[in-house]
Amino acid sequence: MAKRGKLSKDFEAVDEVVRPERVRHYAYLILIVCEDQVTEKVYFEAFKDKIPRETIFLTAVGTGLDPLGVVQHAKLKRDELAKMCKREVDSVWVVFDKDDADKEAGKIARFETALSEVADNKFNLAYSNEVFELWLLLHLMEVDPAKALPRQEIYQLLQDHIAAQEGHGEFVYEHGNSNILEKIRTLGDEQKAIERAETLMQYHKEKHLLACNPKTLVHLLVNDLHGWIRYYSYQ
């Protein structure tokens with residue numbers, strides 16, 4: 001869900017696209033535009049620590065907008081980054097959730113327009129139903145692909161699973177607070193999350209995105225980032 005949120009001291013967020021120093025030395029440009037203003041942006045910015053110097057320029061932008069707003073903002077930021085770098089942006093990802101997009105005709109129409117613009121602009125989509133936090137939860141546990149998982153239940157499961165771990169009993173999940181990312185990094189298993197997300201994706205592959213609950217495509221973006229990092233690390 002789009003939310004201003006709270007920034008954990010363990011992470012640093014970047015609000016706008018900043019022109020990289022020695023920009024001509026960067027071989028690959030990745031732009032990630034997120035619905036959430038804090039947690040998603042901070043999560044993806046953390047991948048910078050794994051990138052070899054002056055190979056991949058990665059920037060993540062938080063918007064606080066609905067899916068169509070995210071896509072429209074991505075077009076603006078893509079053009080802005082291309083102008084600054086004097087070259088095309090190699091990869092643009094948009095990250096948004098279902099949230100309440102299926103609750104009324106107007107929101108459904110905006111969601112469908114967002115999907116059309118994603119395709120028209122050849123953007124990559126990291127979509128979650130209902131919320132991005134499903135991707136975080138998959139680091140900790142499997143979920144039943146046949147059972148819809150409301151966002152409040154996802155938040156409660158995050159709370160329960162983290163608080164149950166030794167030394168984390170006082171943890172209180174607060175939606176929009178990026179401290180959840182440090183807990184996921186410490187306690188979670190990214191490879192299992194990828195496998196679990198793939199299972200959900202395959203289970204719901206014949207359904208419209210609004211009807212795929214639970215489902216997340218964030219693992220596609222994570223795999224893409226790891227792939228480029230390995231490539232430029234010469235592994």
(request) For the pair Gln165 (side chain) and His161 (backbone), establish whether a donor and an acceptor sit closer than 3.5 Å, ignoring hydrogens and angles. (result) yes
(message) I'd like to know whether Asn124 forms a side chain to side chain contact (heavy atoms under 4.5 Å, CB included) with Leu221, so could you lay out the CA-CA distance, the side-chain angles of the two residues, the decisive distance to 0.1 Å, and finally the verdict.
(response) CA-CA 8 Å; Asn124 301 292; Leu221 171 49; over 6 Å; no
(request) Decide yes or no for Phe123 and Arg78: does some side-chain heavy atom of the first lie under 4.5 Å from some side-chain heavy atom of the second? (result) yes
(message) Using 0.5 Å steps for rounding, measure from the CD1 atom of Ile30 to the CD1 atom of Ile229.
(response) 7.5 Å
(message) I'd like to know if the side chain of His73 reaches the main chain of Leu65, judged simply by a donor and an acceptor atom lying under 3.5 Å from each other, with no hydrogens or angles considered.
(response) no
(request) For residues Gln37 and Thr63, determine if any side-chain heavy atom of one lies less than 4.5 Å from a side-chain heavy atom of the other. (result) no
(request) Could you pull out the closest heavy-atom pair between Cys34 and Ile32, with the gap in Å? (result) SG-CG2, 3.9 Å
(message) Using the rule that Ile, Leu, Val, Met, Phe, Trp and Tyr join whenever any side-chain heavy atoms are under 4.5 Å apart, tell me whether Ile56 and Met84 fall into a single cluster.
(response) yes
(request) Would you confirm whether the ring centroid of Tyr28 sits within less than 6.0 angstrom of the ring centroid of Trp228? (result) yes
(request) Identify which one of Asp97, Asn213, Asp100 satisfies the side-chain hydrogen bond (donor to acceptor under 3.5 Å, both in side chains) criterion when paired with Arg151. (result) Asp100
(request) Starting at CG of Asn177, measure out to CD of Glu182 and round the result to the nearest 0.5 Å. (result) 12.0 Å
(message) A side-chain contact here means heavy atoms from C-beta on lying under 4.5 Å apart; do Asn179 and Glu174 qualify?
(response) no
(request) Please tell me if the side chains of Leu187 and Leu140 come closer than 4.5 Å, counting only heavy atoms from C-beta onward. (result) yes
(request) Could you tell me whether Lys192 and Glu195 have a side-chain N and a carboxylate O separated by less than 4.0 Å? (result) no
(request) Evaluate the ring planes of Phe57 and Tyr26, with Trp represented by its six-membered ring, and classify them as parallel (under 30°), tilted (30 to 60°) or perpendicular (over 60°). (result) perpendicular
(request) Look at the side chain of Glu117 and the backbone N and O of Val71, then say whether any donor-acceptor pair between them is shorter than 3.5 Å. (result) no
(request) Might you work through the side chain to side chain contact (heavy atoms under 4.5 Å, CB included) test for Thr55 and Ile51, ending with a clear yes or no? (result) CA-CA 7 Å; Thr55 56; Ile51 297 175; 3.4 Å; yes
(message) Under a 3.5 Å distance rule, please check whether Asn129 uses its side chain to pair with a backbone N or O of Pro214 as donor and acceptor.
(response) no
(message) Restricting to side-chain contact (heavy atoms from CB on, under 4.5 Å), what partner residues turn up for Ile194, sequence neighbours left out?
(response) Trp135, Glu190, Gln191, His219, Val222, Asn223
(message) Pairing donors with acceptors under 3.5 angstrom, does anything connect the side chains of Glu198 and Gln202?
(response) yes
(message) Between Thr216 (side chain only) and Val218 (backbone N and O only), is there a donor and an acceptor less than 3.5 Å apart?
(response) yes
(request) Would you indicate whether the side-chain heavy atoms of Glu112 and His208 approach each other to under 4.5 Å? (result) yes
(message) Please determine whether a side-chain nitrogen of the Lys or Arg among Glu80 and Lys77 lies less than 4.0 Å from a carboxylate oxygen of the Asp or Glu.
(response) yes
(message) Between Ile180 and Thr39, is there a side-chain heavy-atom distance shorter than 4.5 Å?
(response) yes
(message) Checking the side chain of Gln159 only, and the main-chain atoms of Ile154 only, is there a donor and an acceptor separated by less than 3.5 Å?
(response) no
(request) List the atom of Ala101, the atom of Leu210, and the distance in Å for their closest heavy-atom pair. (result) CB-CD2, 4.0 Å
(request) I would like to know whether Lys75 and Val92 meet side chain to side chain contact (heavy atoms under 4.5 Å, CB included); could you show each step before the answer? (result) CA-CA 9 Å; Lys75 291 190 289 184; Val92 179; over 6 Å; no
(request) Compare all side-chain heavy atoms of Leu136 with those of Lys183 and state whether any distance is below 4.5 angstrom. (result) no
(message) Tell me whether Leu68 shares a hydrophobic cluster with Val33, the cluster being built from Ile, Leu, Val, Met, Phe, Trp, Tyr side chains joined at under 4.5 Å.
(response) no
(message) If I compare all heavy atoms of Ala163 with all of Phe171, which pair ends up nearest, and what's the gap?
(response) CB-O, 4.1 Å
(message) For a quick test of reading the model, state the closest non-hydrogen atom pair linking Glu88 to Ala82 and the distance between them.
(response) CA-CB, 4.5 Å
(message) How close do Gly62 and Lys41 get, counting heavy atoms only, and between which atoms?
(response) N-CD, 3.4 Å
(request) Establish whether Leu81 and Leu76 are linked, either directly or via other cluster members, by ILVMFWY side-chain heavy-atom contacts under 4.5 Å. (result) no
(request) Answer yes or no: is there an ion pair linking Asp102 with Lys98, defined by an N-O contact shorter than 4.0 Å? (result) yes
(message) To the nearest 0.5 Å, what is the distance between CG on Leu149 and CG on Leu157?
(response) 6.0 Å
(message) Is the shortest side-chain heavy-atom distance between Val95 and Val70 below 4.5 Å?
(response) no
(message) Show the nearest heavy-atom pair for residues Leu29 and Asp90, with the distance to one decimal.
(response) N-OD2, 2.8 Å
(request) For Glu40 and Asp36, indicate whether the former's side chain and the latter's backbone hold a donor-acceptor pair under 3.5 Å. (result) yes
(request) Look at the side-chain heavy atoms of Ile, Leu, Val, Met, Phe, Trp and Tyr, link any pair under 4.5 Å apart, and say whether Leu125 and Tyr203 land in one connected group. (result) no
(message) Does this structure show an ion pair linking Asp66 with Arg110, if we count only N-O contacts that are shorter than 4.0 Å?
(response) yes
(request) Using ring pair (Phe, Tyr, Trp, His ring centres under 6.0 Å) as the criterion, list what pairs up with Phe47, not counting sequence neighbours. (result) Tyr43, His226
(request) Could you please spell out the steps behind the side chain to side chain contact (heavy atoms under 4.5 Å, CB included) verdict for Phe44 and Leu225? (result) CA-CA 9 Å; Phe44 292 114; Leu225 292 175; 4.1 Å; yes
(message) To the closest 0.5 Å, what do you measure between OG (Ser128) and CG (Leu138)?
(response) 9.0 Å
(request) Drop me the distance from Ile162's CD1 to His139's NE2, to the nearest 0.5 angstrom. (result) 11.0 Å
(message) Could you check, using the six-membered ring where one of them is a Trp, whether Phe132 and Tyr127 have ring centers closer than 6.0 angstrom?
(response) no
(message) Can you tell me how far apart CE (Met141) and CG (Leu158) are? Round to the nearest 0.5 Å.
(response) 9.5 Å
(request) Inspect the surroundings of CD in Glu104 and state if more than 12 heavy atoms from other residues, nucleotides or ligands are less than 6.0 Å away. (result) yes
